Amino acid sequence: MTLKTVHSVAELRAVIAQWRAEGLRVGLVPTMGALHAGHISLTEHIRNHADRVVVSIFVNPTQFGPNEDFGAYPRTLPDDQKMLDTAGVELCFAPSVEEMYPDGFATRVSVDGSFTNVLCGAARPGHFDGVAQIVTKLLLQALPDCAIFGQKDYQQLMVIRRFTTDLNIPVEIIGAPILREEDGLAMSSRNRYLTPDERALAPTLNRILGEITKASATGAEIAPLLAKGREDILNAGFKSIDYLEIRDAETLERVEDRVRKSSRVFVAAHLGKARLIDNHAIEPAHITG
């Protein structure tokens with residue numbers, strides 16, 4: 001195994017300091033582990049921007065709500081390390097909770113406004129405070145030239161771009177396309193919660209988003225599209241829907257009537273034990289009126 005794994009901030013900084021001394025660019029891929037092909041695609045994508053790649057693996061307790069799946073979230077470090085080694089990643093940073101949040105830790109990073117009060121921010125209060133806190137820490141611990149995040153968590157990407165800009169953190173934030181299974185399901189560590197029957201139903205989300213995307217891009221009225229989409233999702237066997245909405249791709253403001261500029265349709269729905277999220281970009285045709 002050529003992959004090196006470190007567990008402390010001091011070790012992480014020592015390795016990166018050596019790379020810096022050699023004039024190398026550093027890329028960071030933050031993850032919570034339970035890696036899959038989508039994560040590996042991020043390590044490949046960031047190779048276009050960096051000479052050395054660091055993947056962090058840390059299941060961050062502060063971004064989970066009290067009734068969410070922190071305890072059950074899959075932890076598969078040995079398998080993750082094998083995948084990273086095969087992918088040619090140079091460094092894995094796998095800290096403990098105690099390393100990241102030592103006794104006396106008392107600081108929060110919070111992003112106010114439209115980026116955090118909607119979609120997953122409304123469904124999971126406090127979630128993006130936890131995301132902002134841990135990503136800020138990782139960026140300051142590693143001080144990478146660039147860091148990459150998948151667009152499946154599009155709202156998270158927007159939140160991270162907001163606070164890195166606001167706090168003048170000197171890092172390029174890269175968004176990577178969603179990687180999907182052959183049947184269209186967006187890759188996610190939580191997909192392993194699905195039973196075989198649920199896994200067969202899960203691609204319904206991508207299909208319905210595709211239908212909404214196609215219709216809304218050509219000027220269809222949004223409300224009936226979303227109403228039908230919600231009905232179709234529930235009829236397919238999903239337990240509940242946190243949201244199905246179309247929002248502006250830059251501001252995340254809700255699009256109420258028709259799509260007139262770059263937007264995205266977002267969904268979060270519960271299937272068995274899994275909460276699945278997905279989104280599609282909507283690039284409208286020329287719409288008059």
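As the structure is a prediction and not an experimental result, all values here were calculated from the model. All values below were derived from every heavy atom in this structure, side-chain atoms included, with hydrogens, water molecules and symmetry-related copies excluded.
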Please, which pairs that meet salt bridge (Lys or Arg N to Asp or Glu O under 4.0 Å) have at least one residue in residues 88-97, sequence neighbours excluded? R47-E90

Check whether the side chains of D248 and S263 place a donor and an acceptor atom closer than 3.5 Å, and report yes or no. no

Flag the pair Q63 / I134 as yes when at least one side-chain heavy-atom distance between them is below 4.5 Å, and no otherwise. yes

Count the heavy atoms belonging to other residues, nucleotides or ligands that lie under 6.0 Å from CD of E250, then report whether that count exceeds 12. no

Run the salt bridge (Lys or Arg N to Asp or Glu O under 4.0 Å) test on D278 and K152 for me, step by step, so that the C-alpha distance in whole Å, both residues' side-chain angles and the decisive distance to 0.1 Å come before the verdict. CA-CA 6 Å; D278 202 349; K152 180 177 73 69; over 6 Å; no

Rounded to the nearest 0.5 Å, what separation is found between the CG atom of L225 and the CD1 atom of I246? 6.5 Å

Counting distance only, does the side-chain N/O of S96 pair as donor-acceptor with the main-chain N or O of E99 below 3.5 Å? yes

How about E11 and S8: does a side-chain donor come under 3.5 Å of a side-chain acceptor? yes

Identify whether NZ of Lys or CZ of Arg in R124 sits under 6.0 Å from the centre of the six-membered ring of Y243 and within 45° of that ring's axis. no

Listing, residues 100-107 side-chain donor-acceptor contacts under 3.5 Å, not counting sequence neighbours, or none:
residue, atom, partner, partner atom, Å
Y101, OH, N60, OD1, 2.7
Y101, OH, T62, OG1, 3.3
Y101, OH, Q133, OE1, 3.2

Is a donor on one side and an acceptor on the other found under 3.5 Å between the side chain of R25 and the backbone of A50? no

Over all heavy atoms of both residues, which pair between F149 and V135 is shortest? Give the atoms and the distance, please. CZ-CG1, 3.9 Å

Between H7 (side chain) and P95 (backbone), is there a donor-acceptor pair under 3.5 Å? no

Below 4.0 angstrom, N of the basic side chain to O of the carboxylate: do R254 and E256 qualify? yes

Using a distance-only test with no angle check, is there a side-chain donor-acceptor pair under 3.5 angstrom linking S114 and E253? no

So does D69 pair up with R190, basic N to acidic O under 4.0 Å? yes

Are any of the side-chain heavy atoms of V89 and V54 separated by less than 4.5 Å? no

Are I173 and V159 in one and the same hydrophobic cluster, where Ile, Leu, Val, Met, Phe, Trp and Tyr link if side-chain heavy atoms are under 4.5 Å apart? yes

Are side-chain N/O atoms of R180 and N206 paired as donor and acceptor at under 3.5 Å? yes

Do L143 and L139 touch side chain to side chain, with heavy atoms closer than 4.5 Å? no

Can you tell me how far CG of L35 sits from CD1 of I57, rounded to the nearest 0.5 angstrom? 4.5 Å

Taking Q155 for its side chain and F115 for its backbone only, find out whether a donor-acceptor pair lies under 3.5 Å. yes

Charged N to carboxylate O under 4.0 angstrom, D129 versus R108? yes

When the side chains of residues 230-238 are checked against the rest of the protein, which donor-acceptor pairs come out under 3.5 Å, sequence neighbours left out?
residue, atom, partner, partner atom, Å
R230, NH2, L244, O, 3.1
D232, OD2, K228, NZ, 2.7
N235, ND2, E231, O, 3.3

Between H49 and D145, is any side-chain donor less than 3.5 angstrom from a side-chain acceptor? no

Look at the side chain of D242 and the backbone N and O of A123, then say whether any donor-acceptor pair between them is shorter than 3.5 Å. no

Under the 6.0 Å and 45° cation-pi test, does R264 pair with Y154? yes

